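Remarks on the structure that follows.
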Amino acid sequence: MLEKTYNPAEVEEKLYGEWEESGAFAADTQSNKAPYTIMMPPPNVTGSLHIGHALTFTLQDVLIRYRRMKDRDALWQPGTDHAGIATQMVVERQLAEQGIHRRDLGREKFVEKVWEWKAESGGTIIRQLRRLGASPDWEKERFTLDEGLSKAVAKVFVQLYKEGLIYRDKRLVNWDPKLHTAISDLEVEQRETTGKMWYFKYPVEGQDGTFITIGTTRPETMLGDTGIAVHPEDERYTDLVGKNCILPLVGRAIPIVADEYADPEKGTGAVKITPAHDFNDFEVGNRHDFARVNVLDENAAINDEAPEKYRGMDRFDARKAIVADMEELGLLEKIEDNAMVIPYGDRSGVVVEPWLTDQWFADAKTLAKPAIEAVETGKTKFVPKQWENTYFEWMRNIQPWCVSRQLWWGHRIPAWFGPDGEIFVEETEAEAKAAAAKHYGKAVELTQDPDVLDTWFSSALWSFSTLGWPEETPELKRYYPGDVLVTGFDIIFFWVARMMMMGLHFMKDVPFREVYIHALVRDEKGQKMSKSKGNVMDPLELCDSYGTDSVRFTLAAMAAQGRDIKLSESRIAGYRNFVTKIWNAARFCEMNECRPRATFDPKSVTTTLNRWIVAKAAESGNGVAAAIEAYRFNEAAEALYHFTWHTFCDWFLEFAKPVFQGNDEAAKAETRATAAWVLDQILIFGQPIMPFVTEELWRHIDENRGSALINAEWPDYSGLAAPDAEAEMDWVVDLISVIRSVRAEMNVPPSAKLDLSVKGAQGADEARLKTHEALILANARLESIAPVGDDADVSGAIQAVAGSLTLLLPLAGVIDLDQERARLKKEIAKLDGEIGKIEKKLSNQGFIAKAPPEVVEENRERMQAAADAKAKVEEALSRIEAA
RNA sequence: GGGCGAUUAGCUCAGCGGGAGAGCGCUCGCUUCACACGCGAGAGGUCACUGGUUCAAUCCCAGUAUCGCCCACCA
């Protein structure tokens, strides 16, 4: 006998262990089913499961579990990402607590430490994924830094280099002065702030007393100024073009040039050019052959290129000093407030500097072309389609991708430098040495590039590197390309776009046919969850409190295709109640000896109630399947919820009660078997979303089943769905006969008062089975079914009974007469309103007569129905008045 | 500056060219032999605003307002 409530904690761990051990999650390259592949976006190895993970992994798990049952050899390929910067920071912080800096250890030792850390703590998120019930093929778990993937990375880098799609260049990059590495544009976060604009007067060479005034938001960079630009058509400055300014504080003569970049509308129309510290100025500098004077070191402090006074100063201290000095010289014209955006490193949180360095770049523009085309031609589709615009927008304006990072943790760039700086890019050191020997005609010492690759470089290969590429493995052949990639919109650029580029380049096919973009999870107030705001919801704590199934169900139910999900705990509690409801439905079935029969054929049921519920179950099962296939997880959840609670429990089980307690043994047996079958269906189509409670019940109901629910087959409901109106009608008629029999049983003549209150119901036990609840439900049901079809007999019978029900309820004392009178009056007013509305519509339609005839007809019918309903209510009211 | 999204019941959200929905909350009544994590009955909404298209608009179009997100090198 089942307990009264379901206890998730007891079963979750047990079931998960059994699933995993039995190999239930494993894909099978030998299977004769078609493959279905989802590549798990590899979470950071440093990570711990947050609610966003819980969402994305739940949705993926729903898809995988569904496909596994339905018709596919499903592979959910798991793994983790080495997360260069994030991981290095974690370990550095840990070392710092012991007073150790990574430089003290040296590169090799430090990397060793990181591996140690990974071995100890890197498994957290993987363990947590298990807790969530995720069912990837764990045997195939990969790590972006493991041997095979590293080999793939090296091969890709070398090939792209040799194709000219990766190159080394000296240009401005976003430099993080705290982490001492370059970062990509995507890793820069622009924050709006109110800053200052300083107006400095630069003296014109040879013209005492003539100044050109420039505005700047970054006074400290003036030490690196190598030119001034004005607009060619700006008459204010025409006579100064070609002359020089003397850069104050430095004394360098810098040319004044005409360049379209200078906007006469902005500032003073004259702009200082600092090619080494500003992306725009870099371009302008190139056009005019300006020198690039770098005045900052790797910490963004002033370096030795600057006048001695400022050397070693932090950039912000230097700013103050320079402003003060300029003021003293009388060269500070004014200061204004200025709204501006400041670039911050998304990991370090400090202001990043455009800084001139040698870095490796990937030619993203060339790689992007096929990736754009693949989406244009529909080879890969985004769901919702909306996101394709975002993708196109970025891809069409894509900038060179800086792939090198000045870190120690990551894939070392496979490039070696000869004594004269010649570069040898090869997959291994041996190959590089061979190439160098050939180049120099003798063996030489080579030094490997100290940099590592951007973490996203290896992630970009994930869709094929995890399957064994460059080896021609059976997995690679079978599971590439993937069916769908499930992810949040925040990494469309970081990851989706880059996988498209790499997949198309190296596999000559898209990495996935669909990209399902889901929302991001925010708190109840719509704010991004963050530790500093204290509004984080820990999914594992929620699983502890409410059970994993409830959390999964909530996430699925809220995964509509919007942008944000605002998660509230009360909703999780609501779905926890739903889990209990299923549990208790099963308990009820158990108590009434509803056991699955192997020979049961849902097509063969005879009673109206059973035929009806079989059809409804099929309809719901198909609804769940269709919703999952369309990535409408909320609809799948809703269909499951509604069918289980409001169809199966509220109606079917209620009406099964009189059967179970009656004397018709044949009907009893059939209804028991039907109830058991329907409950099984609920478990089956509930499994993808709520795997634990469904599996537990599945096993409890029959311990001798051939397989676990997770391996059960999704039933074919064809021939069962689509109950026709007649069947529905029959059922209502049957229902009405039940009600009539109640009256007969209780010896209540049709005209007399039927006491339906529970306490007063003194009739036979059978009569109590369907007391006032059934009547009230029946009443609601009847209303929802009207207007009836064209079978006059059935229609008449129903209307007659419906009328008597309306009357019956108040007479029975179930409803307070005064209240009922008020309700009826209100009802009449409402119907009047509706009649008026339809009348107006009809008159419009009649006048212009453009509406399709069936629509007009429909409206006439509705009008008639409303009028009939009104008459009925009026009649009921008059009877009440009379009583 | 460019782009996108949102605005529907007290709250969190679905829906969508022809009858306003769910969960939670609220009110009333129920220790009914599955379930109080329950059962039944209710209250509550000019579907942001203004125009337009249409026989018909919460839904399509245009504009306005408010909120939010993404992208962007603005001195």
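Bear in mind that the values here come from a model prediction, so they are computed numbers and not experimental data. Each chain gets a letter, A, B and so on, in the order its sequence line appears, and its residues count up from 1. These numbers come from the heavy atoms of this one structure, side chains and all, not from hydrogens, waters or symmetry mates.
For the residue pair A:Asn286/A:Glu283, the side-chain donor-acceptor check at 3.5 Å is not satisfied. In this structure, a donor-acceptor pair under 3.5 Å is absent between the side chains of A:Tyr344 and A:Gln190. A side-chain donor-acceptor contact under 3.5 Å links A:Asp225 and A:Tyr202. The closest side-chain donor-acceptor pair between A:Asp259 and A:His231, if any, does not fall under 3.5 angstrom.
Between A:Phe493 and A:Trp394, the two ring planes are parallel [angle under 30°; tilted spans 30° to 60°]. Classification of the A:Trp355-A:Trp175 ring pair by plane angle, with boundaries at 30° and 60°, yields tilted. A:Phe648 and A:Phe652 have parallel rings, their planes meeting at less than 30° on a 0 to 90° scale where 60° marks the start of perpendicular. By the 30° and 60° cut-offs, the orientation of the rings of A:Phe489 relative to A:Trp387 is parallel.
Using P as the reference atom, B:A43 and B:A20 are 15 Å apart when rounded to the nearest Å. Here the separation of B:U31 from B:G21, taken at their C1' atoms, is 33 Å to the nearest Å. Between B:G17 and B:C28, the two C1' atoms lie 39 Å apart (nearest whole Å). Comparing B:C61 with B:C4, their P atoms are spaced 12 Å from each other, to the whole Å. Between B:G51 and B:A9, the distance separating the two C1' atoms is 28 Å to the nearest Å. As rounded to the nearest Å, B:A6 and B:C60 have P atoms that lie 9 Å from one another. Spacing of C1' atoms, B:G40 relative to B:U50, comes out at 45 Å, to the nearest Å. Using atom P as the reference point in both B:U58 and B:U7, the two lie 15 Å apart (nearest Å).
Protein atom NE2 of A:His642 is 13 Å distant from nucleotide atom C1' of B:G23, rounded to whole Å. Rounded to an integer number of Å, the gap from A:Glu3 CD to B:C35 P is 13 Å. Here B:C71 presents its C1' atom at 15 Å from CG of A:Asp346, a figure rounded to the nearest Å. In this structure, CH2 of A:Trp394 is placed 10 Å from P of B:C71, rounded to the nearest angstrom. Protein atom NZ of A:Lys4 is 10 Å distant from nucleotide atom P of B:C37, rounded to whole Å. The separation between A:Glu590 atom CD and B:C33 atom P is 18 Å, rounded to whole Å. Atom pair A:Trp645:CH2 and B:C37:C1' shows a separation of 7 Å (rounding to whole Å applied). Protein atom OH of A:Tyr641 is 11 Å distant from nucleotide atom P of B:A22, rounded to whole Å.
Checking B:C73, B:G38, B:A75 against the side-chain heavy atoms of A:Gln190 singles out B:C73 as nearest. For A:Val271, the listed nucleotide lying nearest its side chain is B:A75; candidates were B:A72, B:U12, B:A75. The side chain of A:Asn634 lies closest to B:A14 when the candidates are B:A14, B:A34, B:C69. The A:Asn577 side chain lies nearest to B:C37 when the options are B:C37, B:A34, B:A75. Closest contact between the side chain of A:Cys649 and the listed nucleotides B:A34, B:A75, B:G23 involves B:A34.
At the heavy-atom level, A:Phe493 lies under 4.0 Å from the strands shown only through sugar-phosphate atoms. Backbone-only engagement by A:Asn338 is indicated by non-hydrogen atom pairs under 4.0 Å involving sugar-phosphate atoms exclusively. Residue contacts for A:Gly269: at a heavy-atom cut-off of 4.0 Å it reaches a base atom on one of the strands shown. Residue-level contact check: A:Ala262 touches the bases, meaning some heavy atom is under 4.0 Å from a base atom. Across all strands shown, A:Trp198 has no heavy atoms under 4.0 Å from either base or sugar-phosphate atoms. Among the atoms of the strands shown, none is found under 4.0 Å from any heavy atom of A:Lys272. Within 4.0 Å (heavy atoms only), A:His646 reaches sugar-phosphate atoms of the nucleic acid but no base atom. Heavy atoms of A:Cys589 sit nowhere under 4.0 angstrom from any nucleic acid atom.
In this structure, B:C73 forms no base pair with any nucleotide, since neither Watson-Crick nor G-U wobble geometry is met with both distances under 3.5 Å. Nucleotide B:U7 is matched to B:A65 when pairs are restricted to Watson-Crick or G-U wobble geometry with both distances under 3.5 angstrom. Pair assignment for B:A41: B:U27, on the basis of Watson-Crick or G-U wobble contacts that are both within less than 3.5 Å. In this structure, B:C55 forms a base pair with B:G18, meeting either the Watson-Crick or the G-U wobble geometry with both donor-acceptor distances under 3.5 Å.
Neither OP1 nor OP2 of B:C39 sits under 4.0 Å from any side-chain N or O of A:Lys657. The side chain of A:Gln386 places no N or O atom within less than 4.0 Å of a non-bridging phosphate oxygen (OP1 or OP2) of B:C4.
Checking A:Phe578 against A:Tyr575, the closest nucleotide of RNA chain B that is more toward the 5' end is the one next to A:Tyr575. Residue whose closest nucleotide on RNA chain B sits further toward the 5' end, between A:Gly215 and A:Thr580: A:Thr580.
Judged by distance alone, with hydrogens and angles left aside, A:Arg576 brings a side-chain donor or acceptor within reach of the base of B:C37, the pair sitting under 3.5 Å.
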